[in-house]
Q: 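Could you have a look at this structure, given as structure tokens, before my questions?
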Amino acid sequence: MIRKRKSIWRRFKENKAVQTVSSVLLPVLFGVLILALWQGQVLHKLFNTDTNTLPLPSRICRIIIDNIPTFAVNALYTVIVAVVGLLVGSIIGYLIAVFAATFQKWGKGGITIVGAFNAIPIVALAPVMTNWTKDISNDPNIRSMFAKTLVVMIVCIASMSINAFRGLTELKPFALDLMKSYAAKKSTVFFKLRLPNSIPYVFTALRVSVPISIISAVVSEYFAEYITGVGREIRENIVLGQYPTAWAYIVVACIIGLVMYGVLMLVESIVLKNRRIK
Amino acid sequence: GESASSSSDSSDSSTDGELMSNEEIIKKAAADGKVGNWGLGNEYEILALLQKYDLPTKYLSEDFTMDGFDQDNITLASAMTYNELGLVKNDYDGGYKYGDTVGTIDMNDEGVAMLEDNIFCTKEFAKQNPNTVKAFLYASMKGWKYAVENPEEAAQIVFDAGSSVSSDHQLYMAKEVAKLVTTDTKGNTVDNYGNMDEEAMQQTLDLCKKYVQLDDSSASSKLEGFTLDDIRDTQYIDEANKSTDGKFGNLEKTDVTIQLKWLPQAQFMGYYVAQAKGYYEEVGLKVTITPGGGDISETTAVSNGTVDFGVTWVANLTSANAGGMELLEIAQVYQRSGLELVYKKDLFTK
Amino acid sequence: MMKTLTKIKNSKALVTLVWVLGILVIWEIFAFVVQATKRTPENIMPHIWQIAYSFIDPKPVSSGMTCFQVVIYNAGQTLSRAGQGFFIGMIIGFALAILMKLSRIVEKIAAPYLMLIQLIPILGMAPIILAMTHDIGSSRIIIAAILTFYPVATNTLAGLNSVEKQKYELMYSYAAKQSTVYFKMLIPSCIPYFFTGLKIAAPMAITASILVDTLQGDGGLGCMLSQSLKHAMSIYVFWDIVVFSAVIGVLSCSLMGWIENLVSPLKRIERKTRKKKGAA
Amino acid sequence: MSLNDNAIIKNDVEIAINNVSVVFKDNQGNDVKALDNIDFDIHKGEFISLLGPSGCGKTTLLRTIADLLEPTSGNVRVSNMTPKEIRLMQKFGIVFQNPVLFEWRTVKKNIELPLEIMGYSKKDRSDRADEMLEMVGLTKFADHYPQQLSGGMQQRVGIARAFGIRPEILLMDEPFSALDEFTKEKLHLDLLKIWEKTNKTIVFVTHNIQEAVFLSTRICVLSPHPGRLSAVVDADLPYPRTIDMRDTAHFGELVSKVRNSFEGGSL
Amino acid sequence: MSLNDNAIIKNDVEIAINNVSVVFKDNQGNDVKALDNIDFDIHKGEFISLLGPSGCGKTTLLRTIADLLEPTSGNVRVSNMTPKEIRLMQKFGIVFQNPVLFEWRTVKKNIELPLEIMGYSKKDRSDRADEMLEMVGLTKFADHYPQQLSGGMQQRVGIARAFGIRPEILLMDEPFSALDEFTKEKLHLDLLKIWEKTNKTIVFVTHNIQEAVFLSTRICVLSPHPGRLSAVVDADLPYPRTIDMRDTAHFGELVSKVRNSFEGGSL
Ligand SMILES: Nc1ncnc2c1ncn2[C@@H]1O[C@H](COP(=O)(O)OP(=O)(O)OP(=O)(O)O)[C@@H](O)[C@H]1O
Ligand SMILES: Nc1ncnc2c1ncn2[C@@H]1O[C@H](COP(=O)(O)OP(=O)(O)OP(=O)(O)O)[C@@H](O)[C@H]1O
Ligand SMILES: [Mg+2]
Ligand SMILES: [Mg+2]
């Protein structure tokens with residue numbers, strides 16, 4: 001009897017539809033719980049803070065709803081910077097990894113050097129990029145966008161190149177021998193073996209890069225010449241002591257992050273579908 | 001050296017043209033979209049100025065250096081008289097060496113001045129520690145007085161206290177700051193340091209109401225209803241200035257902290273002098289000076305009790321209160337606006 | 001003679017050297033362009049030798065300290081905070097990965113929120129942390145830890161998830177306790193992934209620590225960096241700190257690699273086999 | 001499916017496979033019937049071979065017994081308990097079709113792994129591992145890592161590991177197929193010796209008829225697609241078995257019998 | 001090492017193994033001699049089996065021929081060229097000891113892989129793959145992923161992949177050891193048929209004496225530690241070979257001869 005019930009539970013748990021629904025439902029439920037604790041000021045007791053430093057969700061919502069056009073414009077700029085920077089940076093990072101995997105003797109050193117970019121703080125990178133891109137365009141908005149995107153890009157390069165390099169080089173035993181026996185060209189080995197092998201690693205890198213891209217976009221906006229974006233608004237409002245508004249923008253940043261993360265998970269589940277069969 | 005001489009050459013060659021009026025300069029720069037300010041609550045005077053000339057209230061962000069100005073990305077740049085302006089003009093370390101080839105537009109003259117450096121604490125702190133507040137103000141003002149009268153010594157004191165600014169610039173700054181502390185917006189001399197001039201305060205508050213844009217509707221309606229009494233209390237500075245010995249009875253708190261609005265430099269020389277000369281000790285206080293310029297703003301730090309006193313600008317204090325903090329200005333150290341717009345003369349000749 | 005030559009040619013040091021040189025050359029090309037076209041080239045892209053000279057320049061730039069002294073003096077604070085933050089972040093990251101592995105439900109719930117925490121800018125997070133700790137020093141360490149744990153957690157989790165099903169079955173057939181499965185199988189096999197995470201996190205900890213320096217203006221590389229940027233002191237302090245943090249970042253990354261070689265027998269064998277190939 | 005009872009002396013059922021079916025889904029979502037209604041009892045102390053062509057479900061059946069796979073329908077009982085209970089009592093020893101070694105452990109440490117889990121002392125573990133290494137002829141390779149071994153050597157490590165725990169029930173999935181005649185012969189005899197001495201129950205998957213006949217008491221012949229039990233043959237050679245039995249007529253007859261049951265039943 | 005020349009009709013050397021030694025380092029840094037001075041010629045169109053106990057160096061020798069491993073001393077020449085040149089001309093087809101399938105490709109796509117690399121048209125690839133699937137009996141599993149197959153089925157995919165490219169020289173490392181008698185028998189006959197038809201050179205690693213005798217023209221017996229060539233035996237059964245040849249006296253003699261050369265040479 002007990003066995004039976006357990007197996008129903010297990011079957012329920014292992015059911016595909018149940019799993020898909022639960023992987024959305026559970027975090028949402030958890031989020032609702034947190035929101036409730038937040039609104040009920042339980043979080044404030046926990047963190048020993050007040051409703052000014054950590055404003056209530058209801059107030060944050062009000063502010064967002066009252067200012068949808070402003071928020072939308074700022075969010076749009078931040079999304080453009082984060083997404084373009086993430087994509088271009090990841091592609092460059094991947095290309096560096098490809099280069100490094102192709103010429104391993106020289107490439108490994110290159111990966112180390114790229115890792116060094118990781119160690120240059122964004123607060124240093126952002127003003128330097130703003131300085132370097134002064135001549136890009138006469139339109140301050142365009143050159144600011146360029147500078148911000150560059151920052152995000154540089155930051156995303158490192159995590160992608162390190163991970164992708166592993167994916168491109170840590171192959172199953174004898175897989176390389178197999179390709180060698182076909183006298184496969186390096187490019188063929190790359191497209192038929194290394195590339196598919198690296199896909200799961202690429203997704204690991206992207207999982208790390210998504211939040212990094214947004215936070216770098218936000219921070220680089222602090223330093224940009226043209227005043228726009230979620231990050232800039234967060235800073236302005238914090239300096240002005242407008243915590244509720246600042247938190248409204250933080251929430252927007254989080255929503256951007258969640259959406260990007262959701263898209264990533266979706267793409268991952270489609271791309272890696274066939275590998276999940278066990 | 002090379003570049004400085006070349007730029008003065010170019011200004012020499014352009015002296016045949018006639019310099020534009022302030023209005024023309026502002027209009028030209030605004031039309032090019034090359035007016036600069038740091039934002040972050042420093043922009044209201046500029047917005048008021050642009051509005052005064054019926055110009056769109058848009059500006060570019062300056063990054064706390066004058067590189068944008070130097071490279072002509074910004075042609076009409078905000079500069080504090082005591083800091084950026086000195087860097088633009090002078091040729092000491094970090095300076096851009098423009099000398100007299102640059103001109104300035106003064107906010108006080110344009111009638112859009114807002115008051116800057118003050119001393120504040122929370123309303124609750126003031127209420128619970130009145131004697132401490134008064135003693136602190138007494139000693140601080142004594143420090144300011146000494147600093148204003150002895151700028152060389154004050155500059156040295158700040159430099160020794162771990163200032164990050166070169167000693168040349170420090171001295172320049174001390175002299176300029178002295179002017180701000182002892183002259184009001186109309187150019188009259190002030191001798192009761194820390195005084196809150198009603199008219200200038202009111203003008204500042206009015207400009208705040210007009211130009212501080214708050215997305216938070218409850219905050220902006222709160223701001224709308226503010227009177228001076230919501231942001232300042234004059235009793236403490238008045239009593240401090242009346243006292244001759246700095247004795248105010250039992251001090252409720254003797255260990256206090258003050259967070260500056262910016263990095264340690266002569267902008268805040270009064271506190272460093274009071275510290276170095278032992279004025280704080282004389283009134284029975286042990287004071288720690290925390291530099292600002294970090295991500296935790298002085299209003300936040302005072303509001304959440306990390307520090308007791310802070311130095312900020314009136315506009316910042318006003319908007320923080322609108323946002324829900326309960327801060328109280330207790331002294332107004334700078335009596336006039338230190339903000340000017342600087343431009344290269346050769347770019348604005350007819 | 002030939003042999004030593006090939007040895008030098010194959011050495012790792014040479015590879016790195018060539019890379020560094022290559023980057024320096026590119027930098028210099030641009031530096032000359034900047035030099036020719038800009039009024040204050042040192043603010044945009046100084047020459048390498050100018051940066052190098054600033055390290056040994058005896059001229060004091062701030063409170064009687066030379067550039068080098070400023071960097072070294074403040075590096076102590078920053079690096080010790082980075083170290084502590086990294087250590088805490090590493091433990092949290094690893095623990096979270098294990099926790100998420102232990103329970104699918106925890107993973108499903110936690111994964112998006114862990115990422116969300118990364119998205120809260122320090123500006124918003126700092127006042128709350130500060131309110132919790134009432135101490136700016138420990139707030140800084142905590143924030144540095146928060147900024148570093150994520151790559152460790154994701155990479156370790158990826159490692160834990162990469163164990164083949166057959167290995168589970170083996171352990172399962174021994175009726176091994178959950179803890180045994182972790183200690184004898186999952187943890188050893190996720191070590192390489194864990195180290196990849198550490199390699200990304202170590203430089204990030206330094207970045208994070210520089211970032212949290214700027215919470216308050218009381219010292220640390222971040223403060224000096226922003227003061228220098230605001231032209232409160234020589235701009236070379238900024239460049240020196242950028243160079244310094246990049247170098248430390250690379251070193252921290254190699255340190256992780258070195259520790260990995262030390263703890264992981266597999267890496268040791270690989271190294272031995274490689275050596276042998278080199279000799280043959 | 002009737003059992004040839006007379007051949008078996010012991011009559012207490014150790015493993016009861018009751019109407020077991022296993023259905024997999026392929027990636028179009030269609031059902032693949034790997035096992036179809038297998039019903040069969042294994043007695044205590046028996047040496048049972050599961051014989052059948054590639055893909056017929058041998059591994060699947062073994063996994064069901066070992067509680068590594070739940071049957072889609074039907075059930076398995078071991079000593080009147082569920083396979084799970086038996087597994088939790090650590091009574092199974094399994095040799096997998098691929099050796100499944102931990103690449104971060106040396107050969108010896110791999111053999112010691114289950115002993116560590118079962119809480120043997122350091123000395124006992126080491127002694128037992130040495131003994132097993134001796135048996136599979138890998139003493140010289142104790143400190144090598146799995147990657148440094150040939151395929152057959154890796155498989156032998158897997159065998160040593162399973163033997164090392166001296167399990168009540170030994171489940172072996174084609175353990176010897178990667179080995180050469182001599183090594184295999186030696187291990188056959190070792191296995192038989194251990195079995196005769198300890199009287200454990202052994203379920204042995206193989207696709208080699210000679211091997212099945214030589215080793216086992218009974219041979220279950222499976223036919224593929226879906227996996228069905230097509231015959232059970234008694235391998236009634238006397239014990240102890242010796243190499244030269246393989247040249248006897250009876251051995252040949254048994255091999256033919258199995259082969260025929262194959263061809264009749266499935267091909 | 002003298003060759004039994006009279007058994008071989010064709011005399012042009014296809015693969016010349018000249019004094020090849022391979023030394024590995026174990027993890028204490030000691031030398032492990034995997035191959036010791038192997039000197040041997042393989043003629044064009046021969047079917048050579050490498051026979052020997054587990055760990056004797058069969059795989060190592062095969063890898064040296066295939067240019068996957070450089071000998072520590074000595075060299076290999078194939079058609080008077082270096083193995084590398086031959087490899088670059090895509091003349092090798094290799095079946096590995098473990099199947100090495102790409103888990104992101106279906107069974108059919110795995111078989112098509114080398115054909116893609118060699119630039120066959122889509123249709124040709126598909127036709128050839130279908131034919132090979134038919135041969136190894138996996139037509140029904142064309143669209144499965146490797147993880148969904150049994151061990152033996154995976155191995156058959158590897159075989160199909162190597163056969164698919166119709167290589168000049170086929171190198172096979174224990175390709176059939178995971179397979180049952182019937183599948184194996186079928187593939188033996190298929191392999192022989194292909195070999196006889198095309199007259200390719202085949203080097204076949206096995207540890208099964210019967211298999212070696214049944215398939216090959218000559219058998220190289222290796223002895224282990226260090227790997228030495230201990231005997232070369234001509235398997236002079238007539239072609240085409242048939243299943244029932246395995247019951248002939250000559251077959252038995254050959255098996256004994258090989259077994260004896262083994263025991264004398266190495267054990
Ligand atoms: N990478 C390596 N490092 C060290 N030793 C190795 C390595 N590869 C193989 N060896 C050793 O070389 C010897 C021969 O190995 P090889 O794989 O050629 O054997 P084999 O004849 O193919 O055996 P099997 O039939 O078991 O596959 C073995 O003793 C093995 O331990
Ligand atoms: N995870 C799976 N998903 C889908 N089908 C599977 C899965 N595992 C096994 N099968 C199918 O089940 C059948 C039986 O597989 P099993 O591994 O039991 O065969 P086997 O008898 O052990 O063969 P071999 O001798 O080749 O190892 C095969 O047809 C196989 O394709
Ligand atoms: Mg199987
Ligand atoms: Mg082998």
Q: Do you know which of Lys91(E), Gln90(E), Met118(E) has the most heavy-atom pairs under 4.5 Å to chain A?
A: Gln90(E)
Q: Mind running side-chain hydrogen bond (donor to acceptor under 3.5 Å, both in side chains) on Thr204(A) and Asn163(A) for me, showing each step along the way?
A: CA-CA 7 Å; Thr204(A) 308; Asn163(A) 267 296; 5.2 Å; no
Q: At a heavy-atom separation under 4.5 Å, does Phe92(E) approach chain A through its side chain, its backbone, both, or neither?
A: both
Q: Side-chain contact, heavy-atom cut-off 4.5 Å: Phe203(A) with Leu264(A)?
A: yes
Q: Can you find a heavy atom in the side chain of Val23(E) that is under 4.5 Å from one in the side chain of Leu35(E)?
A: no
Q: Counting only non-hydrogen atoms closer than 4.5 Å, does Leu193(A) touch chain E with its backbone (N, CA, C, O), its side chain (CB onward), both, or neither?
A: both
Q: Of all of Met89(E), Arg105(E), Gln97(E), Lys84(E), which one pairs up most often with chain A through heavy atoms under 4.5 Å apart?
A: Arg105(E)
Q: Give, as side chain, backbone, both or neither, the part of Leu171(E) having an atom under 4.5 angstrom from any heavy atom of chain A.
A: neither
Q: Would you mind telling me which of Lys172(A), Lys180(A), Lys185(A), Met179(A) has the largest number of heavy-atom pairs within less than 4.5 Å of chain E?
A: Lys180(A)
Q: Mark yes or no for whether Lys58(E), through its side chain, and Gly52(E), through its backbone, hold a donor-acceptor pair below 3.5 Å.
A: yes
Q: Answer with side chain, backbone, both or neither: which region of Thr188(A) has an atom nearer than 4.5 Å to a non-hydrogen atom of chain E?
A: side chain
Q: Among Leu88(E), Leu68(E), Ile86(E), who wins on heavy-atom pairs under 4.5 Å with chain A?
A: Leu68(E)
Q: Do Arg125(E) side-chain atoms and Tyr120(E) backbone N/O form a donor-acceptor pair below 3.5 Å?
A: yes
Q: Starting from the C-alpha separation in whole Å, work towards a yes-or-no answer on side-chain contact (heavy atoms from CB on, under 4.5 Å) for Val203(E) and Leu170(E).
A: CA-CA 6 Å; Val203(E) 182; Leu170(E) 191 54; over 6 Å; no
